[in-house]
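So that the names make sense, note that chain A is the first sequence line, chain B the second, and so on, each numbered from 1. What you see below is based on every heavy atom in this structure, not just the backbone, and it leaves out hydrogens, waters and symmetry mates.
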Amino acid sequence: MDLARPDLRPDPSLSRARMEALQRDIAAAAVFADDGAPEPAAVAIDKGASLADGLPPARDDVQERLGADAGPADAESPERGRDAPTVVGVDQAFLTDRADGRPDAAVSAAVALRGGRVVEYASATTPLSIPYVPGLLAFREGEPILAALDALDADPDLLVCDGSGRIHYREAGLATHVGVLRDVPSVGVAKSLLCGEPDEPTDERPEGWRTPIRADDAVTTAEPGTVIGHAFQSRQYPNSRRVNPLYVSPGHRVSAETAVALVAALCAGYKLPEPTRLADAHAERAKRDAE
DNA sequence: GCGACAG
DNA sequence: ATCTTGTCGC
């Protein structure tokens, strides 16, 4: 999978001003409307797959400086969802230097699902370049994620990223950045809200509830009031309702409406959608194996 | 100056 | 994100 727009690479060595300028270009190139994204019904996952099922056998895939390694494809049940769209979840874990105590490297994991089954996984370990800065996450995690995606043989029909897409100061969050670079439909799934304002209070909402997130003054590239994503209550407990909602936004080639619908279809009984949950577990395991 | 701020 | 034990509830 080659870069569709190599000129928009999230180069961590850029100055802050250039990073922000690049994000405006990303937002201008992004398509926040349905254009080639899978139908939510086509990617729906009903069976809450057990976490162990998605976990591949342990293997050492840590590279010295910058590298990636793909694991073997899951051999089982090829009969189901053979022609279903390929959904790829990406997530990361971080290695901390034992003596130093400082973040050392990023471990990125990409998990490909088809018909609700894991068909492939990959991970990549890359040295950390810059610290986390709100609004510039793509410049810290972008390259590591691209490395993990490069290690994947599967061709994604949809990318599910851990972080915001259009819900961003310049409408160019991590999901949008990666989606535009690869020109692949993508959605952003964040556990907290970066900017924007929900139409209604999000506290104590029932499972399945959602409300639009509209651009506020913090979003400098959109008219205030523009719907840039949704708060979505993916999970809730019967009695003590205190699970925070997810903040879902379009990355690239999907509308805000379809983005939530896709994430809702990809949830199977847990707060996080399956692609994200599994990528989370793989990144965690790859990190553990590296220590 | 103060507050807000994905992972 | 990461550092960490118990604990409440299904």
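- No engagement by A:Leu246 is indicated, since no non-hydrogen atom pair under 4.0 Å with the nucleic acid exists.
- Looking at A:Arg166 and A:Glu171, a side-chain N of the basic residue comes within less than 4.0 Å of a carboxylate O on the acidic one, giving a salt bridge.
- Backbone-only contact: A:Ser192 has heavy atoms under 4.0 Å from sugar-phosphate atoms and none from a base.
- Here A:Lys191 reaches the OP1 or OP2 of B:dG7: one of its side-chain N or O atoms lies under 4.0 Å away.
- Candidate nucleotides C:dT2, C:dC8, B:dG7 were compared by shortest atom distance to the side chain of A:Arg140, and B:dG7 ranks first.
- Here the P atom of nucleotide C:dC3 and the CG atom of A:Leu95 are 10 Å apart, to the nearest Å.
- Within 4.0 Å (heavy atoms only), A:Gly188 reaches no atom of the nucleic acid at all.
- For the pair A:Thr221 and A:Arg24, the tightest heavy-atom approach, listed with the atom from each and the gap, is CG2-CG, 4.5 Å.
- Taking the side chain of A:Ala93 as heavy atoms from C-beta on, and the options C:dT2, B:dG7, B:dC5, the nearest nucleotide is C:dT2.
- Backbone-only contact: A:Phe94 has heavy atoms under 4.0 Å from sugar-phosphate atoms and none from a base.
- Atom CD in A:Glu143 sits about 17 Å away from atom C1' in B:dG7, given to the nearest Å.
- Annotation: cation-pi geometry not satisfied between A:Arg140 and A:Tyr132 (NZ/CZ under 6.0 angstrom from ring centroid, within 45° of ring axis).
- Rounded to an integer number of Å, the gap from A:Ile130 CD1 to C:dA1 P is 18 Å.
- The nearest whole Å value for the distance from the CG atom in A:Asp104 to the C1' atom in C:dC3 is 16 Å.
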Counting only pairs under 3.5 Å, give me each side-chain donor-acceptor contact of residues 84-94 of chain A, with atom names and distances, residues two or more places apart or in other chains.
from	atom 1	to	atom 2	distance (Å)
A:Thr86	OG1	A:Arg114	NE	3.0
A:Thr86	OG1	A:Arg114	NH2	3.3
A:Gln92	OE1	A:Ser108	OG	2.6
A:Gln92	NE2	A:Glu141	OE1	2.9

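- Taking atom CD1 of A:Ile167 as the reference point, atom C1' of B:dA4 lies 16 Å away to the nearest angstrom.
- Rounded to an integer number of Å, the gap from A:Glu284 CD to C:dT4 C1' is 14 Å.
- Between the P atom of C:dA1 and the CD atom of A:Gln92 lies a distance of 10 Å, rounded to the nearest Å.
- With sequence neighbours excluded, no residue forms a ring pair (Phe, Tyr, Trp, His ring centres under 6.0 Å) with A:Tyr169.
- Residue side chain A:Tyr247 fails the stacking definition with respect to B:dA6, as its ring centre and the base's six-membered ring centre are not both under 5.5 angstrom apart and under 30 degrees in plane angle.
- Atom OH in A:Tyr169 sits about 12 Å away from atom P in B:dA4, given to the nearest Å.
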